[in-house]
Protein chains: 2
Amino acid sequence: MALEHAILVSLLEQPGTGYELARRFDRSIGYFWTATHQQIYRVLKRMESDGLLAVRGLPQQSRPDKKVYSVMDAGRAALAQWLHEPIEPESIRHELAVKIRGAAFDDPSALIREVERHRKAHSDRLAHYLAGEQRDFTGPTAPGPLDAGQELQHVVLRGGIAYERMTIAWLDDVLATLHRLSGTQPRD
Amino acid sequence: MALEHAILVSLLEQPGTGYELARRFDRSIGYFWTATHQQIYRVLKRMESDGLLAVRGLPQQSRPDKKVYSVMDAGRAALAQWLHEPIEPESIRHELAVKIRGAAFDDPSALIREVERHRKAHSDRLAHYLAGEQRDFTGPTAPGPLDAGQELQHVVLRGGIAYERMTIAWLDDVLATLHRLSGTQPRD
DNA sequence: CTTGGCTATGCAACGAGTTGCATATCAAGA
DNA sequence: TCTTGATATGCAACTCGTTGCATAGCCAAG
């Protein structure tokens, strides 16, 4: 159900098409909720027929219509209601951790490459988040006093930054452990 | 697919019944991969018919048979193969973060209670992890020199601990932000 | 003595999410 | 010129995961 609510939040921040939403889910919103365009199109259609969203079809020459969605009162109400319901604290699903425990039944040193790859992906993501933070919140290009929405976006982004930093430190710990177990030298 | 592999790891560490697996998924394995008993029973059945697992039925008086599963060579091979395939770095799915951004379109102070509840859940989980770490790895009751499997279990547990600590610190940041926005006093 | 919780397995239905494919136009680069 | 990539939407088939329910005996607390 959370995809529906993530879409409502995103469309309240800014109306847009399914395609645009998919791109936002690859960027800001996607920092904490992912979705493919297939899923987004399907859910948008359902939400529209449920009366939560309004569509405005922009006819384009020699292309299918661009469909710009925006949130109706019923959608805003649905979001408000969800905000007042308690949700379960997340439980993590970390495939790499399964692999690490599985390495006990295989060759631990074979995992080193994979862990290094993940470390790089997380450190890239961290750099990306930090650049976004500079741009939108802390750097000279940032707007002046922030409104509530921006403050909340910033605190969520700080969460993403903290998550990536923690993950990188942990992966270093994992790498050190794997090297220790396989008697190899950690490089750099 | 990862549930299959998590089950293989768990059954390699120790054969067991579906029910026992479900409990392990509420404890150690579940620190990084969750599953309900329904899912586990279904996947166990499939894995058995795929020849990855062996079942030994223990007839019990006046009860349905207890089915103890263990990993066959094909299962071990399937795990080994998976270990050598690269996987995508995880993307987080954090419902609470969706709520926090959504709070901009509702009353931010209404979220404080919910965030405090999550903070408590994470701090309970942290205490639980730390107790487990003392018991199995760092305390006086811990076994002597650890084997590779235990080292790897420990590093995964350290990841869980780091995750909970990071999350608690972040939720404190969120609470401070929510209080600031709603002009209320943070209570200790 | 009854209620609730634990052990133990399972079906049925549904909802969430992924993967592969298909369509169609346009612009930039090889 | 041909290919690649971006824009833009969508179907079909599938797997994954959740929820509700059912069975069935055991044990402990109120």
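Each chain gets a letter, A, B and so on, in the order its sequence line appears, and its residues count up from 1. In what follows, every heavy atom counts, from backbone to side chain, and hydrogens, waters and symmetry copies are set aside.
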Exercise for the section: Would you please test Arg158(A) and His154(A) for side chain to side chain contact (heavy atoms under 4.5 Å, CB included) and show each step? Expected result: CA-CA 6 Å; Arg158(A) 288 200 298 273; His154(A) 189 191; 3.2 Å; yes
Completion exercise
Whole-Å distance, Glu4(A) CD to dG15(C) C1', equals 11 Å
Practice task
Locate the shortest heavy-atom distance separating His94(B) from Trp33(A); write the atom from each residue and the value.
Solution key: N-CE3, 3.7 Å
Problem - Interatomic distance where CZ belongs to Arg56(B) and P belongs to dT9(C) [whole Å] - result: 13 Å
Exercise for the section: Check whether any side-chain heavy atom of Asp106(A) lies under 4.5 Å from a side-chain heavy atom of Leu79(B), and answer yes or no. Expected result: no
Handout entry: Option from Leu3(A), Leu8(A), Val71(A), Leu11(A) for which side chain to side chain contact (heavy atoms under 4.5 Å, CB included) with Met47(A) holds
Key = Leu8(A)
Fill in the blank from the handout: Here the distance between atom C1' of dG17(C) and atom CD of Glu90(B), to the nearest Å, is 15 Å
Completion exercise
CD1 (Ile161(A)) and CZ (Arg125(A)) are apart, to the nearest 0.5 Å, by 13.0 Å
Exercise for the section: Indicate whether OP1 or OP2 belonging to dT7(C) is found under 4.0 Å from a side-chain N or O atom of Arg23(B). Expected result: yes
Practice task
Establish, with yes or no, whether the OP1 or OP2 oxygen of dT9(D) is under 4.0 angstrom from a side-chain nitrogen or oxygen of Tyr19(A).
Solution key: no
Practice task
Taking only the side-chain nitrogens and oxygens of Arg93(B), find out if one of them lies under 4.0 Å from OP1 or OP2 of dG17(C).
Solution key: yes
Exercise for the section: Give the rounded distance in Å between these two atoms: NZ of Lys67(A) and C1' of dT7(D). Expected result: 16 Å
Exercise for the section: Can you establish whether the number of heavy atoms outside Glu88(B) located under 6.0 Å from its atom CD is more than 12? Expected result: no
Handout entry: Near-strand residues of residues 36-50 of chain A, defined as heavy-atom separation under 4.0 angstrom from DNA chain C
Key = Thr36(A), Gln38(A), Gln39(A), Arg42(A), Arg46(A)
Exercise for the section: Indicate yes or no for a side-chain donor-acceptor contact from Asp50(B) to the backbone of Leu52(B) under 3.5 Å, with no hydrogens or angles considered. Expected result: no
Problem - Residues Arg117(A), Glu114(A): salt bridge by 4.0 Å N-O rule - result: yes
Problem - Nucleotide dC26(C), atom P - distance to NZ of Lys66(A) in whole Å - result: 14 Å
Practice task
Measure from CG on Leu3(A) to C1' on dC16(D) and round the result to the nearest Å.
Solution key: 16 Å
Exercise for the section: Could you check how far CD of Glu88(B) sits from P of dG17(C), rounded to whole Å? Expected result: 18 Å
Exercise for the section: Take the protein atom CG of Asp26(B) and the nucleotide atom P of dT18(D), then report the distance between them rounded to whole Å. Expected result: 12 Å
Problem - Axis bend over the full length of the helix from dC1(C)-dG30(D) to dA30(C)-dT1(D), computed from five pairs that close each end, to 10 degrees - result: 30°
Exercise for the section: Examine distances only and state if a side-chain atom of Trp170(B) and a backbone atom of Val156(A) form a donor-acceptor pair shorter than 3.5 Å. Expected result: no
